Amino acid sequence: SSDLTGSNGCPSTTTLNLTINNSTSNSTTAAACNSYTWSANGLTYTASGTYTATSTNASGCPHTETLNLTINNSTSNTTTATVCDSYTWSANGLTYTASGTYTATSTNAVGCPHTETLNLTINNSTSSSVNATACNSYTWSCNGLTYTQSGTYTCSGSGTNGCPSTVTLNLTINSSTSN
């Protein structure tokens with residue numbers, strides 16, 4: 001309060017009731033995979049950085065929110081394989097016997113999802129059998145060998161698809177007779 005003299009020459013007292021309201025601020029540190037939606041402003045961020053949002057606090061003064069954001073990214077990898085009969089995938093330890101596209105998900109070094117994709121083609125081994133009858137001897141075109149006795153013989157090679165192919169020869173040798 002202060003003493004003043006009024007226009008009538010008498011003392012006058014004036015009282016000032018003063019309230020000082022202060023600005024406020026808050027800082028948040030966050031880490032997320034791929035994107036982060038900040039509740040302070042509803043925006044979605046996809047890059048690391050420092051972001052601010054300003055609003056009005058309960059006393060009507062400015063309030064500043066600061067976000068210290070780290071964005072870590074998901075990763076992925078694709079493998080293409082063509083094999084015979086079956087394939088054991090190191091990404092998940094499973095063995096596949098049919099062609100197809102397969103996925104396995106894990107966590108990468110920064111704690112975000114890592115997706116492995118396998119594009120797999122399975123070619124199958126083949127087997128067949130041939131019955132043959134010959135006089136005295138038989139030369140088999142599969143392996144170029146000449147047989148003089150009846151029996152069951154096998155020849156292994158590679159099929160048109162590059163996978164093992166096994167042929168079984170069921171051979172009957174008839175001896176010719178001389179008069």
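All of these numbers come straight from a predicted model, not from anything done at the bench.
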Going by atom types only, do [X] and [Y] share a side-chain donor-acceptor pair under 3.5 Å?
| X | Y | result |
| --- | --- | --- |
| S86 | T97 | no |
| T52 | T64 | no |
| T75 | H114 | yes |
| T168 | S129 | no |

Nearest heavy-atom neighbours spanning [X] and [Y]:
| X | Y | answer |
| --- | --- | --- |
| Y51 | W38 | O-CH2, 3.7 Å |
| V167 | W140 | O-CH2, 3.4 Å |
| N34 | S74 | ND2-OG, 2.7 Å |
| P62 | N57 | O-ND2, 4.0 Å |
| C84 | P164 | SG-CD, 4.1 Å |
| P113 | C33 | CD-SG, 4.2 Å |

*Quick one: are T66 and T28 in side-chain contact, heavy atoms under 4.5 Å?*
no
*Do T37 and L43 have side-chain heavy atoms sitting under 4.5 Å apart?*
no
Rounded distance (nearest 0.5 Å) linking atom [atom1] of [X] with atom [atom2] of [Y]:
| X | Y | atom1 | atom2 | value |
| --- | --- | --- | --- | --- |
| N161 | T121 | CG | OG1 | 11.5 Å |
| E65 | S39 | CD | OG | 7.5 Å |
| L67 | T29 | CG | OG1 | 8.0 Å |
| T133 | N174 | OG1 | CG | 6.5 Å |
| N136 | T148 | CG | OG1 | 9.5 Å |

Can a donor-acceptor pair be found, under 3.5 Å and without considering hydrogens, that links the side chain of [X] to the backbone of [Y]?
| X | Y | value |
| --- | --- | --- |
| N170 | A132 | no |
| S150 | I173 | yes |
| D85 | S125 | yes |
| S48 | I71 | yes |
| N108 | N73 | yes |

_T95 and T88: CA distance, side-chain angles, deciding distance, side-chain hydrogen bond (donor to acceptor under 3.5 Å, both in side chains) verdict_ = CA-CA 4 Å; T95 299; T88 301; 2.7 Å; yes
*Run the numbers on T101 and L120 for side chain to side chain contact (heavy atoms under 4.5 Å, CB included), then give the verdict.*
CA-CA 6 Å; T101 299; L120 180 62; over 6 Å; no
